[in-house]
Amino acid sequence: MAKERVHTLAEPVQFGTETITQVTITRKLKHLRNCTLRAGADAKGEVSVNLDFGTLIDLGAKMIGHPVAVLEEFAEEDQSVVIQEANDFLFRHLGTGPKP
């Protein structure tokens with residue numbers, strides 16, 4: 001079963017006729033399918049990962065089960081929660097993120 005976490009929004013969001021007061025953030029491998037990362041190494045051999053911020057926004061929207069337009073309407077603190085979850089999930093599967 002996928003890992004899920006319910007997040008109550010600091011500020012409810014009106015989207016169409018729906019008022020969103022909380023979202024369920026779900027970590028499913030299928031959400032990573034279209035994520036693109038580029039890794040490279042500098043002259044010293046230190047590896048870095050280049051991640052387009054749009055990738056985190058798209059992944060975050062998939063993880064909450066809403067279009068990107070909904071996530072864009074969230075208050076900044078709610079956006080931060082979703083984006084951090086997306087970042088942790090993505091990097092966990094790269095073996096470089098925090099372990100639960």
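Atom set for the values below is all heavy atoms of this structure, side chains included, hydrogens, waters and symmetry mates excluded.
- With values rounded to the nearest 0.5 angstrom, T26 atom OG1 is found 10.0 Å from E85 atom CD.
- Taking every heavy atom of both residues into account, L59 and H31 meet most closely at CD1-O, 3.3 Å.
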**Report entry** Residue pair I25, V6: steps toward the side-chain contact (heavy atoms from CB on, under 4.5 Å) verdict
**Finding:** CA-CA 6 Å; I25 303 169; V6 175; over 6 Å; no
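- A pairwise comparison of heavy atoms in A86 and G60 identifies CB-N, 3.9 Å as the closest pair.
- The minimum heavy-atom distance linking L29 with F89 is given by the pair N-CZ, 4.0 Å.
- Looking at V82 and I57, their side chains never come closer than 4.5 Å, going by heavy atoms from C-beta outward.
- Applying the side-chain hydrogen bond (donor to acceptor under 3.5 Å, both in side chains) test to pairs two or more places apart or on separate chains, those with a residue in residues 58-82 are H7-D78.
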Taking only distance into account, with no hydrogens and no angle test, what donor-acceptor pairs under 3.5 Å do side-chain atoms of residues 11-24 form with protein atoms, sequence neighbours excluded?
residue	atom	partner	partner atom	Å
Q14	OE1	T19	OG1	2.6
Q14	NE2	G16	O	3.1

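- Taking OG1 from T55 and CG from N87, the interatomic distance works out to 11.0 Å, rounded to the nearest 0.5 Å.
- We find the CG-CE distance between L56 and M63 to be 10.0 Å, quoted to the nearest 0.5 Å.
- A search for side-chain contact (heavy atoms from CB on, under 4.5 Å) contacts involving K30 returns K28, not counting sequence neighbours.
- Here the side chains of V81 and F74 are not in contact, with every heavy-atom distance at 4.5 Å or above.
- Ion pairing of R27 with E4 is absent here, as no side-chain N (NZ or NE/NH1/NH2) approaches a carboxylate O to less than 4.0 Å.
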